[in-house]
Asker: 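Here it is, the structure in full.
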Amino acid sequence: MAKDGPETRRQILRAAQKRFANGGYAATSVQDIVNDAKVSKPALYYHFRDKADLFQALVHEAHDERYRILREAAAAGGGIRNQLEQILAALFAYFREHRELMRISFATMFAAPGELPENLSYTDKCERNFGFLLSLIQQAQKNGELDRHFASEELAFGFYGMANFYLVAHLVSPGCEPDQLTARRVVELFLTGAGSPAGLPHKINPLKKKK
């Protein structure tokens, strides 16, 4: 296997992803990564400047994948209700298959100083992803699907906050498996509120472990 091939790069990324997600950035060494990836240090340094560059690549991958999911799910159309439901369902499905990568993504928000590389860059991608959701909210307000009583930023933050709670819960609780039904319920709560339970389906607990 050529050290400069794309498969070698993917092998290094996946080994680093597992180490960073389960042991943290500071506790992981380059030697740990090359041992797990079964490559040489020169092979790693061919693709990445250092450990920080490797971590940065994974953070970018996580945020870029989230952006891809947002765009593809929103393209389903059908109004803001369907768009938001498809976005959530797609995110839930992706998180189930890529827990380690998503754990790294969320770690950037909560890590203490010294636990992440200096000069780590990701806020621009966070703003891009949020901006896309905001544009959907703004369009829905223009279409009359959402109340203009609330600022579009308020609505976007509200939905993003609900979505991130379920996604974090999925990461920290293996028994929590949000799915299409969960997505539908979250969107229902976001759009109609909790003022009256009349006519709503039987409640579910997204944090309850499945047997």
Side-chain angles (χ1 to χ4, degrees), residues 59-99 101-110 121-173 175-210:
V59 170
H60 281 329
E61 179 183 345
H63 288 292
D64 287 344
E65 281 300 295
R66 190 162 182 164
Y67 185 57
R68 177 187 62 79
I69 291 168
L70 287 170
R71 291 176 61 85
E72 290 182 359
I80 192 65
R81 180 183 295 271
N82 187 62
Q83 287 178 316
L84 294 180
E85 182 179 325
Q86 294 309 313
I87 284 173
L88 269 186
L91 285 173
F92 292 158
Y94 187 82
F95 271 45
R96 283 196 296 273
E97 300 298 322
H98 302 85
R99 290 174 66 91
L101 183 61
M102 293 303 105
R103 189 179 294 276
I104 291 171
S105 172
F106 277 102
T108 61
M109 294 188 289
F110 303 113
S121 172
Y122 62 91
T123 55
D124 58 330
K125 290 183 181 287
C126 291
E127 291 171 359
R128 175 200 62 189
N129 293 0
F130 180 79
F132 181 77
L133 175 64
L134 178 62
S135 70
L136 295 181
I137 297 292
Q138 291 171 333
Q139 186 59 51
Q141 286 183 310
K142 289 180 181 178
N143 296 342
E145 296 177 89
L146 293 177
D147 193 344
R148 287 177 173 268
H149 175 71
F150 295 99
S152 55
E153 290 81 4
E154 289 179 300
L155 294 173
F157 274 120
F159 181 76
Y160 224 56
M162 294 173 70
N164 282 336
F165 172 82
Y166 281 85
L167 294 171
V168 170
H170 176 53
L171 290 177
V172 301
S173 178
C176 174
E177 297 181 3
D179 53 17
Q180 185 82 38
L181 176 59
T182 315
R184 187 173 304 125
R185 293 281 295 168
V186 171
V187 173
E188 183 74 24
L189 176 59
F190 174 70
L191 292 178
T192 65
S196 172
L200 294 181
H202 180 69
K203 68 178 181 179
I204 59 172
N205 181 356
L207 301 183
K208 184 178 180 181
K209 293 186 177 181
K210 295 183 178 181

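Just so you know, these numbers use all the heavy atoms, side chains as well, and skip hydrogens, waters and symmetry mates.
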Asker: Output the distance between atom CG (Asn129) and atom CD (Glu65), rounded to the nearest 0.5 Å.
Answerer: 11.0 Å
Asker: Flag the pair Leu134 / Phe157 as yes when at least one side-chain heavy-atom distance between them is below 4.5 Å, and no otherwise.
Answerer: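 Leu134 does not reach Phe157 side chain to side chain.
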Asker: Would you say Tyr94 and Leu101 make side-chain contact, with heavy atoms under 4.5 Å?
Answerer: yes
Asker: Does some side-chain heavy atom of Gln180 sit less than 4.5 Å from a side-chain heavy atom of Gln86?
Answerer: yes
Asker: Quick one: pull up CZ in Arg185 and CD in Glu85 and give me the separation to the nearest 0.5 Å.
Answerer: 12.0 Å
Asker: Let's go through Val187 and Asn82 carefully: what are the C-alpha distance in whole Å and the side-chain angles of both, what is the deciding distance for side-chain contact (heavy atoms from CB on, under 4.5 Å) to 0.1 Å, and is it a yes or a no?
Answerer: CA-CA 9 Å; Val187 173; Asn82 187 62; over 6 Å; no
Asker: Search all heavy atoms of Pro178 against all heavy atoms of Tyr166 and return the closest pair with its distance.
Answerer: CG-O, 4.3 Å
Asker: Go through it in stages, so that I can follow the logic: the residues are Met102 and Glu97, the test is side-chain contact (heavy atoms from CB on, under 4.5 Å), and I'd like the CA-CA distance, side-chain angles, deciding distance and then a yes or no.
Answerer: CA-CA 10 Å; Met102 293 303 105; Glu97 300 298 322; over 6 Å; no
Asker: By side chain to side chain contact (heavy atoms under 4.5 Å, CB included), which residues pair with Ala151, not counting sequence neighbours?
Answerer: Glu153, Glu154
Asker: Between His170 and Arg99, what is the shortest heavy-atom contact and its length?
Answerer: O-NH1, 2.8 Å
Asker: Would you check if Leu84 and Leu133 make a side-chain contact, meaning some heavy-atom pair closer than 4.5 Å?
Answerer: yes
Asker: For Ile69 versus Ile87, what's the shortest heavy-atom pair and its separation?
Answerer: CG2-O, 4.3 Å
Asker: Run the side chain to side chain contact (heavy atoms under 4.5 Å, CB included) test against Glu72 and tell me which residues pass, sequence neighbours left out.
Answerer: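 Glu72: side chain to side chain contact (heavy atoms under 4.5 Å, CB included) contacts with Arg68.
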Asker: Roughly how far, to the nearest 0.5 Å, is CD of Gln141 from CG of Asp147?
Answerer: 8.0 Å
Asker: Which heavy atom of Ser105 sits nearest to which heavy atom of His63, and what is that distance?
Answerer: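 Scanning both residues, the minimum pair turns out to be OG-CE1, 3.7 Å.
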Asker: According to ring pair (Phe, Tyr, Trp, His ring centres under 6.0 Å), who are the partners of Tyr160, at least two apart in sequence or on a separate chain?
Answerer: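 Residues passing ring pair (Phe, Tyr, Trp, His ring centres under 6.0 Å) with Tyr160: Phe130.
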Asker: I need the Gln139 CD to Ile137 CD1 distance, nearest 0.5 Å.
Answerer: 11.0 Å
Asker: For Arg128, I'd like to know if atom CZ has over 12 heavy atoms of other residues, nucleotides or ligands within 6.0 Å.
Answerer: yes
Asker: According to side-chain hydrogen bond (donor to acceptor under 3.5 Å, both in side chains), who are the partners of Tyr122, at least two apart in sequence or on a separate chain?
Answerer: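 Partners of Tyr122 under the side-chain hydrogen bond (donor to acceptor under 3.5 Å, both in side chains) test: none.
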Asker: Provide the closest heavy-atom pair for Leu88 versus Ala163 in the form atom of the first, atom of the second, distance.
Answerer: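 Result for this residue pair: CD2-CB, 3.5 Å.
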Asker: Residues in side chain to side chain contact (heavy atoms under 4.5 Å, CB included) with Leu167, at least two apart?
Answerer: Arg66, Leu91, Phe92, Phe95, Phe106, Asn164
Asker: Go through the structure and list residues passing side chain to side chain contact (heavy atoms under 4.5 Å, CB included) with Ser121, not counting sequence neighbours.
Answerer: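 Side chain to side chain contact (heavy atoms under 4.5 Å, CB included) list for Ser121, sorted by chain: Gln56, Asp124.
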Asker: Quick one: CD on Glu177 to OG1 on Thr182, what's the gap to the nearest 0.5 Å?
Answerer: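 Spacing of CD (Glu177) from OG1 (Thr182) equals 9.5 Å.
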Asker: If you measure from the Lys or Arg side-chain nitrogens to the Asp or Glu carboxylate oxygens, is any gap between Arg81 and Glu145 under 4.0 Å?
Answerer: no
